[in-house]
Structure formats: C-alpha cells, structure tokens
Amino acid sequence: MEDGRAMPSAPPPAASDSSAPRMTDLERLRHSAAHVMATAIAKLWPEAQFAAGPPVAEGFYYDVELTHRVSPTDFERIEAEMKAIVKANQPFERKVVSRAEALALAEKGRLAALAERATPSRYKLDILASIPEGATITLYQNGDFLDLCAGPHVMRTGNVKAFKLTAVASAYYKGDEKNPQLQRIYGTAFPNKTEMEAHFTMLEEAKKRDHRRLGAEMGLFTMDPDYTGPGLPLWLPKGGAILEELEKLAKETEFAAGYVRVKTPHIAREKMFTTSGHLPYYAESMFPPMEIREAEDAAGVSGRYYLKAMNCPHHHRIFAAEPRSYRDLPLRLAEYGCCYRYEQSGELFGLMRVRAMNMNDAHIYCAPEQFAAEFNAVNAMYLKYFKIFGFTKYRMRFSTSAPEGMGKKYVDEPELWKQTEDMVRAVLQASGIDYVEVPNEAAFYGPKIDVQVWSAIGREFTLATNQVDFAVPKRFGLVYRDRDNTDKIPLCIHRAPLGTHERFIGFLIEHFAGNFPLWLAPDQVRVLPVTDAQIDSAKGIVAELRAAQVRAEWEFSNDKLQGRIQRAEAARVHTILVVGAREQEADAVALRIHGKGPQGVKPRAQAIADLLQAIRERRSDEGQFSA
RNA sequence: GCCGAAGUAGCUCAGUGGUAGAGCAACGGUUUCGUAAACCGUGGGUCGCGGGUUCAAUCCCCGCCUUCGGCUCCA
C-alpha cells in the first residue's frame, strides 16, 4: 500500500510543519482536499484568483474570484479533475521562502496557480501583507499548483481518498461587505468512503429533526409569507400549547425570584427610541415608522411611532412612573414582550431568525452594591432552566468593549465600562461558570453575556442573553433616592434566559426531535377505546384529565386499535391510554408511552395521579413511569 | 441586502412543448377491532406570481415574490 494510508486510527502523517497552525488530522486532510480542489479549478479556469481555503466544521471551502459562475452542475467536472490529481498522487512539498521571494511570485501571478500569469495573485498579495514581520512564510506545492499556505498538509494528494463538493455560495472577502464578493465552493472530505457515506446519512437524519420540518409535521407553527409576511410565524394550537407551558414556567420561576410582571404596548413614539439611543444605532434593524399627523404637537415633537425592537425603554418608563427609593430596589420588571426587528431578508431562518418575537424579558434595576447578588441570581436561573430542559452543551460568552469603539460602537463612558466589566468578570469567576471572554462584542450600553447552545443537529445559536446597562437609565434620567437623601442612577440588568419563544421552541423541537417530555408535549394524553363499548369510559377519563388541565383527547375511528396506535405514535402523542373491556371492568387503563411501547396496566386513579405528578414536576422522560 | 439553488395536491415527491400523477393525509362506506398501518371508494391542483416566445407553456426565455444554502449581524 501507499505510504500514509488514510485510516481513522492511523491518519496520514503531516508534511513537515513545525511552523504550521495546529490542525486535527481530519482538518489537515480537508485542508489538503481544498488544495486539490483549487488545483482542479485552476486547471479548468487558469485565471481564477484564490483567496483562502480553510477546513471548516463540516468539510472545507476555497474562496475564488472567477468570471465563470460556478454552479453545482460544474461539480462533476471539478470532481473529475480532482480525482485525476488524487490518482497522480502528487506530494505536497513545503517550501520556506523569504518575503521578497513570495512577493515576486505573487506579482507574477504564480501563487494559487499552475503557472505564471499576466495578473498578479491579488488576494495572496493581500494575505502576504497581513503576515507579520519575522513570521515564517511557507508555500505548498502539489504538481504545478503552488500556493501561499501555512499548512499543514497530508503527505500526498493520494491521501485524499473520499471527497465531494457540496455547495457554492458567495462570501465577501474577509467577511466585509465593502470587499469584493467571491465564490465560496464548499466540499467535504473523509479518511475513507465509509465515513463519508456515514456523514451524508447523518445529514439526512438531521434533516428529519429540522424544526421547520417537524413544526409542519406536528402542526406547531406555520409560515404564511404572502399574508402575514416573511419572518412572521403563526403559532398553531399545538405550538401554542408549548408556548403556554414555557410562559407558565417563566412566570412561576420569576414570581418565586421576586419579579413583578408588567405589560407594555408594541409601539412607542420616536422620542422613546431617540432617548434610549437605540434609534441612531439600531434604525436599520427596526421596521420603518408610522407617521401619525395628529400626534405632531405644536412644539414640533415628531408624530412618528415605531414598533418596539426591544422592551427596555418601555420598562424604563415604568421605572420612571413613580419616585423610587433605595427601599424599592432591586426592582425586577418582567414581561413576555413582543418585539419586532426588521431582519434582512436573507437572514430569516425558520423560527430561529424571525421578525416578530416574544421575549422572555425582564429588567432588574438595582443599586451597585446589589449588583453581584442580582447577577448571580440571574445566572442561577439560567442554570436551573438548562437543567429542566436537559441542555448539556452550552457556553457563556462574555462580550466586552474595546477602547477603539468608545463613542462610536459604545457609549462614551470608558470609566463605567471598566468598572462594570470588572464587576461582571468577578461574578463570573466567583460563580465558577464556564465562560469565554470576547472583546469588542458588547452591546452599545454595556457588556453582555450570551448563552450559546448547540442543537442536536449541530447548529449553534445564541439562545439567551444577559446584559448589563449602565448607560440607558442615565439617558432616561432614572434615579432612586438613596439613604443619604441624594438621587442616584440605578444599574440595569437586561436578561432573557429563555430568549424568545420563537428561537427557544425552534431549538427545543430539534433538541427533543419533536419528542417532548410530558409537561411540554402538545398532545399529552390520547385515550383509545378498544371498541365503541368503551367510548363513554374514554370520555370520562378525558374529562377528568382536562379538568386537571391535562391536554387529553380520545379517539375512536374506523381504524383498528393497531392503526390508531400507529397514528398516535406518529403524531408523537406522549401517553396513550388504552381502555378495553378488561380495563373497563377493573377501572384501569393500559399505558403506553411514545417511543417506549406498552407500560402495563394501572388503576385509573393511579395512572392519572402519576401523570399529574410528572407534569407538576416538569419531569424529563427518564424514569417517567419507572415504577 | 448580496451570491447560488429551489418552488407541481395539506405533506413527501414523480412527470411532460399537446386534457396533470403516486403514496400518505382528508372525506364517505364496510369492518367492533388488544398495542407502530384492516378493506373499498371519493374529492382535491391557476404546476409560486407577472410578462414573453409558440398554433399550444406547468415545461423554453425574462422579471418579481418566497423559501433554502452561504456571507454579515443577532434572541
């Protein structure tokens, strides 16, 4: 066999790569596959200008500038060229060069190309310029294809055994829309065909969990772009049930934690958002204003109203509605507020990115000395929720400011920024929560913590957010009278542990693959009489369950019991209660749980008590009916 | 918003320059049934929208809308 035979346990060895970035074996393989693809493209279109071609989570891509529009119909040709290159088994040769040598090659169009060309390798020139002085500059060559590249690579093109081009998309050079648009050609590569096929099978499986698909299948929500508009979901009754359960959870949790509930309108005058400072910063993310002529007053105050994109300004006005004393603090105002954001059309994505959203919002106004305790309590609430839902893969992202953004991206209060960030960092460290700090990502009014989660199908989302605001209360002139009889400005914590209904439920659908635990399941119980002689018994059980607020229904149809069970299972009904002559006789029910099969017969009263208990505890499905 | 792709019945998808097809779902009937599909029948489509080419367009061409895959931002 060839050297460096690609095996999962014995991956291809790297070409010499002491100065190269660290890559896993799979990443290295994929990075080499990207070079093989670039070689093929350069062969087909010698004028191609390549930018960057890294490995990514699912495979690799290479950005290329090319007048020919690459479409999936070209993939076959490109793959055929790639196969030839793999078959040729060209070695990947690493060359350390001086900056001058690299520049000379780039000027002659020789980089990321098979030969010298009339036009310089312009993106490679730009990348070259960004390599710091003194760093090692390396080239990699396979066959005639010579590329500026930090590496590392596998030994030979023959190591790239299983690959496939998957998509083409556009991407701005370096992700900046002021830069030229490049064609990004995606592919994936694996050590062998079997693993690659497993990958595509897994993608097929993941598709079945997709919240858009399950949402339609299960009747949870619908999109009606022609009538309601893009990004404006309609919640169907079964989705509404989930939404109600989440609100109930939030309301109970917040009530216990000392929050008070408020309710605010969906719109506000322009003054609200110019005062908050959102308007100049945030205008393009808001729906255009409504002009109401009568509202324009003599003093020339604008008659414009905006749909709110956030709830905080309204809550600030509630704080301002009466004089506040230090005795009133912390004041925790909670609301399931509906906000509207004009997301760009290309950004809309099922329930995960919408234009109208119901936010599990609250604003905590507190004195600086109360901050640590409040902030800790908020974090504890996050963790409590994650435990209920069984989220294990999450990360807190602590976003802080950067000096260069002061007065532009961030309110110009460098001292306050530092104080607050130190305070948040201290709390995070003391609480032992796992977090990463990301500079220059803060909100304009203060540092924030985003909770990122990964769905079962591998999508990453910011699910919840927790922000500190030391600026906007001041802009609204919010004060409380302190012990020393002076007015002080409160700190404000914005928090939304359950994010928005839309994204949270979208995430839950994928997390549970539609198989919700009993307390969340839209169809909690379905009672199936074996024959029509048990219909009255079934109705009685349903009435008893519904009186106890359980979502229960009964079904009798022309289908045999087996068929009705099949349909209930397909509909992901959580608990099926079968009542036949035997059960009727014994005042019992035969229990079946979705995905778990029959669970035996139980006295009716016992079964109902168990169901109520599981719902009340919001029990996850493990051990639901373990007894 | 930009680049690319897609849009046929409620859902999943076939298909053709000449009257539009299947499975599931729905509806009607027969069946009274024991834990993942009993049987028979019926209805259902402006083939995303608008324009063009053509004797004829769901199919070919152009524009638009929407959705999807990305870029960027974010709950």
Side-chain angles (χ1 to χ4, degrees), chain A residues 56 61 63 69-74 166-186 210 212-213 216-217 219 222-226 229-231 282 284-285 309-310 339 341-354 357-361 399 441 443 448 450-453 461-467 494-504 506-507 528-535 556-571 576-583 590-595 597-601:
Chain A
V56 289
Y61 66 79
D63 282 344
R69 293 251 165 267
V70 177
S71 87
T73 52
D74 295 313
T166 52
V168 57
S170 104
Y172 297 104
Y173 179 56
K174 292 189 169 169
D176 187 337
E177 53 186 302
K178 290 188 279 293
N179 285 336
Q181 268 194 345
L182 307 172
Q183 302 188 65
R184 177 167 293 180
I185 304 168
Y186 282 92
D210 190 302
R212 292 164 298 187
R213 183 190 176 119
E217 224 171 78
T222 190
M223 292 291 185
D224 190 6
D226 289 343
Y282 212 80
E284 64 191 39
S285 293
M310 61 291 297
C339 297
R341 294 185 189 172
Y342 194 77
E343 302 288 356
Q344 295 185 62
S345 58
E347 308 283 285
L348 300 175
F349 174 67
L351 283 181
M352 301 300 198
R353 179 61 69 83
V354 293
M357 64 216 89
N358 291 282
M359 217 183 277
N360 166 232
D361 217 351
S399 300
E441 291 278 324
K448 65 175 179 176
D450 288 322
V451 181
Q452 289 171 293
V453 290
F461 286 98
T462 303
L463 202 58
T465 194
N466 185 0
Q467 308 179 342
H494 306 237
R495 41 108 281 173
L498 300 178
T500 67
H501 276 324
E502 287 71 19
R503 187 174 288 183
F504 200 80
F507 187 82
L528 302 180
V530 175
T531 73
D532 56 12
Q534 289 85 42
I535 287 181
F556 186 75
S557 66
N558 284 338
D559 282 316
K560 292 169 78 175
L561 177 64
Q562 208 166 251
R564 287 182 281 141
I565 284 174
Q566 151 76 23
R567 276 195 290 145
E569 289 281 359
I576 297 169
L577 301 179
V578 175
V579 187
R582 296 197 294 270
E583 288 78 16
L591 223 96
R592 182 187 172 105
I593 293 180
H594 172 58
Q599 307 287 309
V601 175

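From a predicted model like this one, the values you see are computed outputs, not experimental measurements. In what follows, every chain begins at residue 1, and chains take the letters A, B, ... in the order their sequences are listed.
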Engineer: Which whole number of Å gives the distance between the P atom of B/U16 and that of B/C61?
Structural biologist: 15 Å

Engineer: Given the P atoms of B/A20 and B/C3, what is the spacing between them in whole Å?
Structural biologist: 37 Å

Engineer: Whole-Å distance between B/A75 C1' and A/Tyr282 OH?
Structural biologist: 9 Å

Engineer: Please measure how far the P atom in B/C68 lies from the corresponding atom in B/U19, and state the result in whole Å.
Structural biologist: 35 Å

Engineer: Look at all strands and tell whether A/Asp450 reaches a base, only sugar-phosphate, or nothing, counting heavy atoms closer than 4.0 Å.
Structural biologist: sugar-phosphate

Engineer: Using modelled atom types and a 3.5 Å cut-off, is there a donor and acceptor pairing between side-chain atoms of A/Arg341 and backbone atoms of A/Ser285?
Structural biologist: no

Engineer: To the nearest Å, give me how far apart CG (A/Leu348) and P (B/C2) are.
Structural biologist: 14 Å

Engineer: If you measure from the C1' atom in B/A25 to the same atom in B/U42, how many Å do you get, rounded?
Structural biologist: 14 Å

Engineer: Any base atoms under 4.0 Å from A/Thr500, or only sugar-phosphate, or nothing? Heavy atoms, all strands.
Structural biologist: base

Engineer: Can you check the distance between B/C59 and B/G51, where both ends of the measurement are the P atom (answer in whole Å)?
Structural biologist: 13 Å

Engineer: When we call it a touch if two heavy atoms are under 4.0 Å apart, what does A/Leu498 touch: a base, just sugar-phosphate, or nothing?
Structural biologist: nothing

Engineer: With C1' as the reference atom in both, quote the distance from B/C47 to B/G7 in angstrom, rounded to an integer.
Structural biologist: 10 Å

Engineer: Give me the distance, rounded to whole Å, that separates B/U67 from B/G28 when you measure between the C1' atoms they each carry.
Structural biologist: 36 Å

Engineer: Provide the distance between the two P atoms, one in B/U12 and one in B/C55, to the nearest whole Å.
Structural biologist: 38 Å

Engineer: Side chains of A/Met223 and A/Arg212: closer than 4.5 Å at any heavy-atom pair?
Structural biologist: no

Engineer: To the nearest 0.5 Å, how far apart are CE in A/Met352 and CD in A/Glu347?
Structural biologist: 15.0 Å

Engineer: Once rounded to the nearest 0.5 Å, what's the spacing between atom CG of A/Leu351 and atom CZ of A/Phe504?
Structural biologist: 13.0 Å

Engineer: Strictly distance-based, threshold 3.5 Å: is any side-chain N or O of A/Arg564 a donor or acceptor partner for the main-chain N or O of A/Asp559?
Structural biologist: yes

Engineer: Only Watson-Crick and G-U wobble pairs with both distances less than 3.5 Å should count. Give RNA chain B in dot-bracket notation, marking inter-strand partners with |.
Structural biologist: (((((((..((((....[..)))).(((((.......))))).....(((((..]....))))))))))))....

Engineer: Which value, rounded to the nearest 0.5 Å, describes the distance between A/Ile576 atom CD1 and A/Glu569 atom CD?
Structural biologist: 4.5 Å

Engineer: Distance from A/Met359 atom CE to A/Glu502 atom CD, nearest 0.5 Å?
Structural biologist: 9.5 Å

Engineer: Under 3.5 Å, is there a donor-acceptor pair between the side chain of A/Thr166 and the main chain of A/Tyr186?
Structural biologist: yes

Engineer: Are OP1 or OP2 of B/C3 and a side-chain N or O of A/Arg184 less than 4.0 angstrom apart?
Structural biologist: no

Engineer: Taking only side-chain N and O atoms of A/Ser345, does any of them lie within less than 4.0 angstrom of OP1 or OP2 on B/G1?
Structural biologist: yes

Engineer: For atom OH of A/Tyr282, is the number of surrounding heavy atoms from other residues, nucleotides or ligands below 6.0 Å larger than 12?
Structural biologist: yes

Engineer: With rounding to the nearest 0.5 angstrom, report the CG to OH distance, A/Asp63 to A/Tyr173.
Structural biologist: 9.5 Å

Engineer: At less than 3.5 Å, do the side-chain atoms of A/Arg353 and the base atoms of B/C74 form a donor-acceptor pair?
Structural biologist: yes

Engineer: Contact class for A/Phe349 vs. all strands (heavy atom < 4.0 Å): base, sugar-phosphate, or nothing?
Structural biologist: sugar-phosphate

Engineer: Any side-chain N or O of A/Gln183 below 4.0 angstrom from OP1/OP2 of B/G70?
Structural biologist: no

Engineer: Whole angstrom is fine here: how far is it from CD in A/Glu441 over to P in B/U72?
Structural biologist: 12 Å

Engineer: Using a cut-off of 4.0 Å on non-hydrogen atoms, how would the nucleic acid contact of A/Gly229 be classed: base, sugar-phosphate, or nothing?
Structural biologist: nothing

Engineer: Counting primed atoms plus P, OP1 and OP2 as sugar-phosphate and everything else as base, spell out the protein contacts along nucleotides 26-42 of chain B at 4.0 Å heavy-atom distance: B, S or - for each nucleotide, 5' to 3'.
Structural biologist: S--BBBBBBBBBB----

Engineer: Please tell me which of A/Leu182 and A/Gly499 maps to the more 5' nucleotide of RNA chain B, matching each residue to the nucleotide holding its nearest heavy atom.
Structural biologist: A/Leu182

Engineer: If you round to the nearest 0.5 Å, how far is OG1 of A/Thr500 from CG of A/Asn360?
Structural biologist: 9.5 Å

Engineer: Report the distance from atom OH of A/Tyr342 to atom C1' of B/C74, rounded to the nearest whole Å.
Structural biologist: 17 Å

Engineer: Which atom pairs link the protein and nucleotides 6-8 of chain B when you take only N or O atoms and keep those under 3.5 Å?
Structural biologist:
none

Engineer: Taking donor-acceptor contacts at under 3.5 Å, does the side chain of A/Gln452 reach the base of B/A75?
Structural biologist: no

Engineer: Whole angstroms only, please: what is the CD1-P distance between A/Ile185 and B/C3?
Structural biologist: 17 Å

Engineer: In whole Å, I'd like the distance from the CG atom of A/Asp226 to the P atom of B/C64.
Structural biologist: 17 Å

Engineer: For the pair A/Val354 and A/Glu343, evaluate side chain to side chain contact (heavy atoms under 4.5 Å, CB included) and give the outcome as yes or no after the intermediate values.
Structural biologist: CA-CA 7 Å; A/Val354 293; A/Glu343 302 288 356; over 6 Å; no

Engineer: Within the 4.5 Å heavy-atom criterion, are A/Arg503 and A/Arg353 side-chain neighbours or not?
Structural biologist: yes

Engineer: What about A/Arg503: does its side chain form a donor-acceptor pair under 3.5 Å with the base of B/C74?
Structural biologist: yes

Engineer: Give A/Glu343 one of three labels, base, sugar-phosphate or nothing, depending on what nucleic acid heavy atoms sit under 4.0 Å from its own.
Structural biologist: base

Engineer: Can a donor-acceptor pair under 3.5 Å be found between the side-chain atoms of A/Glu284 and the base atoms of B/C73?
Structural biologist: no

Engineer: Find the distance A/Met352:CE to B/G70:C1' and express it as a whole number of Å.
Structural biologist: 17 Å

Engineer: NA contact type, A/Tyr186, heavy-atom cut-off 4.0 Å: base, sugar-phosphate, or nothing?
Structural biologist: sugar-phosphate

Engineer: How are the rings of A/Phe349 and A/Phe461 set relative to one another: parallel (under 30°), tilted (30 to 60°) or perpendicular (over 60°)?
Structural biologist: parallel

Engineer: Figure out the CG/P separation between A/Asp63 and B/U72, and round it to whole Å.
Structural biologist: 10 Å

